[in-house]
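Just the heavy atoms: all of them, side chains too, but no hydrogens, waters or symmetry mates, feed the values below. Just so it is clear, the model here is predicted, and its values are computed rather than measured. Lettering follows sequence order; numbering is per chain, from 1.
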2 protein chains.
Amino acid sequence: MASGFETEDDDDRGLISDRIRNALTDEIAAGTLAAGAALDEQQLADRFGASRTPVREALRQLAAGGLVELRARRGGVVARMTPERIMDMFETVAEIEAVCVRLATYRMTPLERSRLIELHELSRPIAESGDVDAYDNFNRQFHETIYHATHNGFLAEQAIAIRNRLNAFRRTQLRQGERLSRSRDEHEAIMQAIAEGDGEMASRRMRAHMLNAATSLSRFIEANKPA
Amino acid sequence: MASGFETEDDDDRGLISDRIRNALTDEIAAGTLAAGAALDEQQLADRFGASRTPVREALRQLAAGGLVELRARRGGVVARMTPERIMDMFETVAEIEAVCVRLATYRMTPLERSRLIELHELSRPIAESGDVDAYDNFNRQFHETIYHATHNGFLAEQAIAIRNRLNAFRRTQLRQGERLSRSRDEHEAIMQAIAEGDGEMASRRMRAHMLNAATSLSRFIEANKPA
DNA sequence: GACCTGTTTCTTGTATGCAAATTAGTCCTG
DNA sequence: CAGGACTAATTTGCATACAAGAAACAGGTC
């Protein structure tokens, strides 16, 4: 938002290793590369029309981000996520978000507060329209606004990193219509607590909000993964 | 603990890139490589008697861990930490630790509880002796025991990762004698809250405990960094 | 027939070489 | 003398080549 130089996001121009990293991230997120899939360096190099060197660098970066598991001299596989681990990640995100909203409540500037209120107001028509992608986009903005309002850059970075890491594994789904309006209602409750300056209350409501989303996903996984 | 094969930890045998990564991590942590120092690939390669390839991989991993900042085609420098950022990191650790101890209070098994009590008892003579290294070691065990008692593997990993990241920047210092006994007193208060099953109380006390440590470090930085 | 062992093959890890890009150094110009 | 542009040198990014380890396979033995 602040840095508006690049025409789009990143692709095509720049470092090959970055292009490969982004492409692999997207493919893992989209599910094109299934969890547990072996990542052959030469094969990937051929596919991207590059040599193994940038592929290796991309894989290392992905491994550092937790998307890929790398065993020495045995190559890499797309990180295999157990339902337990996904729940652990969701709980962690929920707790971190709860921390963020508490700090944000006590520290946000009037400008940040009005920006958040504005965002929240904008979400009403989106939730009513049922446009999941649009709501997803709004939702990310809403939460990231809160991260930054903590005035703790490191915490904000961590929150975004973990959130992205989780996003990469939720595939395309979690698109149950009724969840949208409930999500907005929960945001509403959080906004009210923020408005009252009650960080603890906002924190508890945020935690509940995130855990509701987790439960929703959990049900989806349960339903779609028989094994 | 479970895997007790290696004679020591890691060094000398195994992947060269890992050896370089570990060595650089240690040197950054020890302050041998000052913050902002340029990291020339060829120079490091020569120093470690290797080629640039493993050096590059090591640098990427360090960059992912936040110890090194890498700008495209401009090489890497040891991450420059502003006092603000260090405080942000400390606050983040404090909040995460607070989350951990709350969850741990509600979820720890009797075995984990007795292990923690045992550890805490052991710390009394260490704190009295004033052996900072020994107390440091105990302290790490104490906190990591709490992480694992959350029964959330992902959260525990995150907590350890952030804690390590912070450790790498505190140089050799923070060795003021009086801090030891105060630290143990604070642990005592946390243990009491855990014993009473009051996770919220334990959480608040843990947060205060960590912020005290941060303030202590902050004072040190203020005193030793004139610029 | 099952299991162990030696060999082969494939993959990763490392080294070296080359090209592009950035930086610094110098020369010229205002 | 200051500022800018061109050139040269250093450094990163990538490609290719080689070596070492691991997995797969075949053969033989119990």
Counting N and O atoms only, with roles assigned by atom type, does the side chain of [X] sit under 3.5 Å from a partner on the main chain of [Y], one being a donor and the other an acceptor?
X      : Y      : answer
B/R52  : B/Q42  : no
B/D131 : B/I126 : no
A/D88  : B/N152 : no
A/R165 : A/G65  : yes
B/S203 : B/A98  : yes

The contact string for nucleotides 10-20 of chain C, one letter per nucleotide 5' to 3', using protein heavy atoms under 4.0 Å with B, S and - for base, sugar-phosphate only and none, comes out as -SBBBBBB---
On DNA chain D, which is the earliest and which the latest nucleotide, 5' to 3', with an atom closer than 4.0 Å to a heavy atom of chain B? D/dT11 to D/dG13
Between B/F138 and the options B/H143, B/H120, B/H187, the ring-ring contact (aromatic ring centres under 6.0 Å, His included) test singles out B/H187
Have A/N22 and A/R19 got a donor and an acceptor in their side chains that come within less than 3.5 Å? no
